[in-house]
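The structure under discussion appears below in the form of structure tokens.
We name chains A, B, ... by the order of the sequence lines, and we start the count at 1 in each one. Keep in mind the model is a prediction, meaning the values are calculated, not measured.
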Number of protein chains: 2
Amino acid sequence: MTGTVGGRRRRQRSTRQGGLVRDQLAAGEGFRSAQTVFAELRAKGEEVGLSTVYRHLQVLADEGQADTLQTGDGEALYRLCGTDGKHHHHLVCRNCGRTVEIEGRGVERWASQLAEEHGFSDVNHTIELLGLCSDCSQTRPRD
Amino acid sequence: MTGTVGGRRRRQRSTRQGGLVRDQLAAGEGFRSAQTVFAELRAKGEEVGLSTVYRHLQVLADEGQADTLQTGDGEALYRLCGTDGKHHHHLVCRNCGRTVEIEGRGVERWASQLAEEHGFSDVNHTIELLGLCSDCSQTRPRD
DNA sequence: TACTCTGTTGGTAATCATTATCAGGCCGGT
DNA sequence: ACCGGCCTGATAATGATTACCAACAGAGTA
């Protein structure tokens, strides 16, 4: 919350670990937690520290190279995204993590109009859609 | 998540503590955390256990009598809501907690259409709008 | 009203993700 | 090759939430 708003990104050295985290995130498709990425790397025999994974995921998120979303139980999920910087939302499969990126132009408009209407300013919104993708809904019709 | 789907609510005794939590939640206006409600009650000299506060807040949420929302840092906030059961969203002041309830009919439609379009089913959505209300934006023009 | 049955309470320990700490290591420019 | 400073990572700390479980208290009953 007390973010580094200064815009000037301190020179980020390129390190083995930084690459690992980024690559691992790139390898998968859906959103994954820091813990998961850490476990995956360790499973591959890579030597990385948990702190370092957290650090790099945060950097990626800060730089807008990764999207984040919160699971209801206080866990942060990360995912590399192509449209960097561009604001967008996600339609995520709650079973397999498959994700569709969505540009909600209409929703943006709705949100800001609503904000103005009620005298609110500096409004940011969180919109996440969680469901079952076509594959998963066939496999498991009900829980 | 492993909810009691059975529909039949087991007989819920009315207890002093249950009333306290509910009243305390009703007393305030904005969203508050379990910890906060607990602290408030203790500050008033009421004898309640932390576990009990958590328990009752969850019950209220389950019954649809209270709305919940997650702060980015893994904390759950609760608030009594009038339109019980009815699905809606919130425009919350990030400074004072003042809240406006919103019915996003259009957004609902947008969401379900989008879901269908991508073959997703059983989609639920999370939409929260965080901003500064008119009072707070005057008081603190910038951070 | 006294009794009993069963859901409720609440202090405490456990869980779990995330962050802070800090000594030692590596990157990059000189 | 040398050096300064950022990066790393094991570990401890934090903080919210949940699990446990023995003692307690509604509410119906005799």
query: Do A:L129 and A:W110 belong together in a cluster built from hydrophobic side chains that touch within less than 4.5 Å?
result: yes
field: For B:F120 against A:C133, the heavy-atom pair lying closest together
entry: CZ-CB, 3.6 Å
task: Give the intermediate values and the outcome of side chain to side chain donor-acceptor pair (under 3.5 Å) for residues B:E40 and B:Q24.
output: CA-CA 8 Å; B:E40 288 174 354; B:Q24 187 60 37; 2.8 Å; yes
task: Rounded to the nearest 0.5 Å, what's the gap from OG1 on B:T71 to CD on B:E128? Could you check?
output: 11.5 Å
message: Rounded to whole Å, please give me the gap between CG in B:L57 and P in C:dT9.
response: 12 Å
message: If you compare every side-chain N and O of B:H56 against the phosphate oxygens of C:dT9 (OP1, OP2), does one of them come in below 4.0 Å?
response: yes
query: Would you say the side-chain atoms of B:H89 and B:E108 include a donor-acceptor pair closer than 3.5 Å?
result: yes
message: Does this structure show an ion pair linking A:E29 with A:R79, if we count only N-O contacts that are shorter than 4.0 Å?
response: no
message: D:dG26, OP1 or OP2 - any side-chain N/O from B:T15 closer than 4.0 Å?
response: no
- prompt: Going from CG on A:L114 to CZ on A:R109, what distance comes out if it is rounded to the nearest 0.5 angstrom?
  reply: 13.5 Å
task: Take the protein atom CD of A:E46 and the nucleotide atom C1' of D:dT8, then report the distance between them rounded to whole Å.
output: 15 Å
task: Grab the two heavy atoms, one from B:S134 and one from B:R98, that are nearest each other, plus how far apart they are.
output: OG-NH1, 4.0 Å
message: Applying side chain to side chain donor-acceptor pair (under 3.5 Å) to B:Y78 and B:Q65, what does each step give before you reach the verdict?
response: CA-CA 10 Å; B:Y78 301 82; B:Q65 297 191 49; over 6 Å; no
query: Rounded to whole angstroms, how far apart are CZ on A:R16 and P on D:dT8?
result: 9 Å
- prompt: Do B:E47 and B:R42 meet the salt-bridge criterion of a basic N to acidic O distance under 4.0 Å?
  reply: no
task: Check DNA chain C against residues 20-27 of chain B and give the residues with a non-hydrogen atom under 4.0 Å, in numerical order.
output: none
statement: In B/S/- notation (B base, S sugar-phosphate only, - none; protein heavy atoms under 4.0 Å), nucleotides 11-21 of chain C written 5' to 3' is BB----SBBB-
message: With a 4.0 Å cutoff (strictly under), does any side-chain N or O of B:Q17 reach OP1 or OP2 of C:dG10?
response: yes
- request: Please name the pair of heavy atoms, one in B:R22 and one in B:L60, separated by the smallest distance, quoted to 0.1 Å.
  value: NH1-CD2, 3.8 Å
message: When you measure from the side-chain N and O atoms of B:S14 to the phosphate of D:dG26, is any distance below 4.0 Å, counting only OP1 and OP2?
response: no
Do any N or O atoms of the protein come closer than 3.5 Å to N or O atoms of nucleotides 23-26 of chain C, and which pairs are they?
none

